[in-house]
Amino acid sequence: MLQTYDYPQYDYIQSPEQINGQAVRHPLVIVGGGPVGLTMALDCAQRGIKTILIDNNNTVSVGSRAVCYAKRPLEIWDRLACGERMSNKGVGWSKGKVFFKDDLAYQFDLLPETGHKMPAMINLQQYYLEQYLVDKCYENPLIELRWKHNLISLTQHDEHSDLKVETPDGIFSIEADWLIACDGANSKIRDMVKAEFTGHFFQDRFLIADVVMKADYPAERWFWFDPPFHRNQSVLLHKQSDNLWRIDFQLGWDADPEEEKKTENILPRIKAMLTDPNSKFGKNVEFELEWSSIYQFACRRVDNFRYGRVLFAGDSAHQVSPFGARGANTGVQDADNLAWKLALIIQGDAPIKLIDTYNEERAFAADDNLLNSTRSTDFITPKTKGSRYFRDAILELAEDTQFAKPFVNSGRLSVPTPYKKSSLNSADQADNLFDSDMTPGTNCTDAPIIMNGKDAWLLNQLGEGFRLLCFGDKPTADVSIGNITAKILHIGSDIIDQKGLLTERFDGQKGAVYLIRPDQHVAARWREFDLKKIQQAIKTATCNLG
Amino acid sequence: MSPIKAELNDQLNIADPDGFYQELIDAQRGLDDDKQQLMNAKLIIILANQIGDRDILSAAIQLAEPK
Ligand SMILES: Cc1cc2nc3c(=O)[nH]c(=O)nc-3n(C[C@H](O)[C@H](O)[C@H](O)COP(=O)(O)OP(=O)(O)OC[C@H]3O[C@@H](n4cnc5c(N)ncnc54)[C@H](O)[C@@H]3O)c2cc1C
């Protein structure tokens, strides 16, 4: 138990199939109840898939791992009806400061554009986040959560997998048409299907400490390079909910994790920062250590997100260093990308090859994330003497010049990667010019609107199926291809753009039609409503071209 | 016609090479090794920013590789 949080204990229930000893075939089994598995379950169930989620534990994340959640995942969770609870409980922030030794080297403001429902960034302990997701799962009759179910083996067949699962009542079999591996960075499923997981480990260790303190530091991200209270290493401070603060201490490769783990060795590090009379930062701040852990970070990804009917998502598919808060943030976007595709395939409305675009789009995003976090890590923990000089050169220059500030890389915070070259896009045509960065493959930006006479948000109107966002004249009918219907959302009748922001952000003044995917990404756009082109684009976006 | 790619200047571009060299050496006289390295790194970043052109910078990095 923590001082500020009681871990929920979810009930283990023996499944009827284990009692009967009769293996049952399920359309979808998700392995792992972390942020990604839980989000995946909600998204799949929302799209009509009956979902079994198994987890080998029966509680939420022990200790707070992820802290920062960015706008895009919050928008996804809002689509799944739990984003508001998270943003209400979380601590919103947009400013950051970077110190070098004693001095302020650089400060930034994410300067969030107004007119978005979700904030740029919130901090929230991972256990709250998971708890809210679990609560939502329990509300959905299509989801069955099976706690204390440990996957121990997997055999793949042409169209399904056989799973052996261990519970407190012994071992039994489950069959799954589709299996989504959300079993985290140390995924056993990767080994079971012989997937490669490559990249590099950083020769560095970090002490992560959650500290309860009543301090009036602002809710900002503070990062120190080589501060007097922790010489030659970096330190990061973040505010979380309930007066809990996260402090990351870089320890270096030589640190002995067993020794560093001991409370008697952790406290002096925190005291040097918070209570030492010589500390420029904090003097006599009263604090209590709530939780701590030692980590070594890596940047790696699985070679393919799809192995037959086994799909990888979240940390099992890609592991990034935490600078830039990208792990959970990007994992949740895997779910966003996969659920609608899987639903179309299971319903028979798209061919199985649609699932390969999950690898295409999300491996592309993972590589972008890995690149960014590798670069940040190289800046924060220079590998050679030479790169250390360059790093320090930039930090010194940043104090005195404008041009050096943008070089300072204490973590580039997570933003979504547009699927610019995706095979699901219908590219802009030359006669199709837009003054808007809502290009095909990009997630739709939010905007305030009026609906049924009340204030509302654009993104809350998107995400059920395909949508046609129509500026200009109202088209006469929705567009269908087989069972897939793109419903019209007309600006001017269905929704009113009173502030004009929606029209501005999509460059809709001269009339425009946007085809929006179920994951709120733009598939195609035109200046005019052209039935043939729209039908073609829907086919392209669902791999139904034949 | 292919676009003209910026190229590294192969010719001397500083009016007074000996004077410049001396200024560079003098500026580091009395600095310990560590400070010299740091100063060199700062100089590289300052000058690189002044040049700005990514093609030229890439060509310069290549040219500077030890033999
Ligand atoms: C110190 C630290 C700070 C971080 N900060 C951030 C941040 O600020 N922002 C951010 O976005 N990310 C951050 N991350 C990363 C984030 O915590 C992870 O990316 C995220 O937890 C991944 O979610 P997941 O669901 O993929 O995997 P996990 O959270 O690891 O969940 C995997 C689940 O699978 C279960 N499981 C595993 N094997 C089996 C099995 N065989 N059978 C059944 N169940 C199984 C596990 O019990 C677990 O519940 C941070 C990570 C660390 C360590």
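None of these values were measured; they are calculated from a predicted model. Naming: A, B, ... by sequence-line order, numbering from 1 per chain.
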| note | Okay, B:I44 and chain A: the region with an atom under 4.5 Å from a heavy atom over there is side chain
| Which residues satisfy the side-chain hydrogen bond (donor to acceptor under 3.5 Å, both in side chains) test with A:D102, sequence neighbours excluded? | none
| request: Applying side-chain hydrogen bond (donor to acceptor under 3.5 Å, both in side chains), name anything that partners A:T381, two or more places apart in sequence or on another chain. | output: A:K383
| query | Can you list the residues that meet the side-chain hydrogen bond (donor to acceptor under 3.5 Å, both in side chains) rule with A:N369, with sequence neighbours excluded? | reply | A:R326, A:T330
With 3.5 angstrom as the limit, list the donor-acceptor pairs from chain A to chain B, or say none if there aren't any.
from, atom 1, to, atom 2, distance (Å)
A:Y389, OH, B:D34, OD1, 2.5
A:E396, OE1, B:K42, NZ, 2.7

